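Worksheet: the structure to be examined is printed underneath.
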Amino acid sequence: MNALLRQASPLVVIGMHRSGTRLLAEVLAKLGVFMGADVQADSESISFMLINEEILHRCGAFWSEPMSAHFLLAEPEAAEHLAATAREALAARLEKYVGPSGWHRETSPEKWPVFGWKDPRNTFTLPVWKQVFPSLRTIHIVRHGVDVAASLARRHAQALRAATGMSLPSALTVIQDRALGVLSSRRGWTLTEALTMWEQYVEKARLESAVLGERALEVRYEDLLLQPERVIPILAKRCRVPVPTGRAAAPDGLEPDRAFAFRRDPELLAFAGSVRDILARFGYAP
């Protein structure tokens, strides 16, 4: 199986949390990309998510504190060591990911469907997956940093209120949230903290994309919302699946007004102005 996996070219969705990775995964699924029989509500394959969690854990990292994984996995020996662990874990979970169709039993990868998985954690665990799948391809979805920061801070606040009834965390607050896992007071409760996380994820995703060259694609969340008829054919060609006509692959309930939503909120608009230099580094404006 390891030899077959090395011949495969899966599509790996990367990008910051709250940046539209779920929307992108839904589009890919409608295009005919197999994204897992074990996807949960956020369109993440449980199998790959759990393996990613283990990789980060072994690096002393967490989704909201990922930089130790960045530094450790830059060491080839460390990446290969964790890749061996990932191969074993994937072999144990492959049946759940593939599901009843059992396409992985085909002895020729050419008979496998186009497949992939979505998980923002891929952004930092990618050095491991490149060892497992040397021919993998990535799609990076990027969203305006202020919208991401606002969404993340809002999600944290909702989880905090649901768990404790508090509107602001105490210094040592740690809670368990079903959607986001463990939430710590160290990161993401404020717009500024959340924006720094966005910076790290986007910078890392673009670094990995530059290494992959033509095997990497970046799309903007805003373009996918506002111009699906232009962006979706680009995705289809990159995925090597039939190009749909019109909006055939656009998910139901596409919400164009989510693009640049921060501009309708005076507080967020003011925050965007205060971080305009950071936004500009990544191609965005207030």
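If you're wondering where the values come from, they're calculated on a predicted model, not measured in any experiment.
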CG on Asn122 to OG1 on Thr21, rounded to 0.5 Å: 9.5 Å

Interatomic spacing from CG in Leu24 to NE2 in His140 - rounded to 0.5 Å: 10.5 Å

Is any side-chain heavy atom of Pro244 closer than 4.5 Å to one of Ile232? yes

Does the side chain of Ser45 come within less than 4.5 Å of Asp119's, by heavy atoms? no

Answer yes if the ring centres of [X] and [Y] are under 6.0 angstrom apart, and no otherwise.
X      : Y      : answer
Tyr201 : Phe124 : yes
Tyr97  : Phe34  : yes
Trp63  : His17  : yes

Taking [X] for its side chain and [Y] for its backbone only, find out whether a donor-acceptor pair lies under 3.5 Å.
X      : Y      : value
Arg22  : Ala41  : yes
Glu222 : His144 : yes
Arg137 : Ser9   : yes
Thr125 : Arg121 : yes

Would you please classify the geometry between the Trp117 ring and the Phe48 ring as parallel, tilted or perpendicular, with 30° and 60° separating the classes? parallel

How are the rings of Trp103 and Phe115 set relative to one another: parallel (under 30°), tilted (30 to 60°) or perpendicular (over 60°)? tilted

Arg220 to Tyr284, cation-pi by 6.0 Å centre distance and 45° axis angle: yes

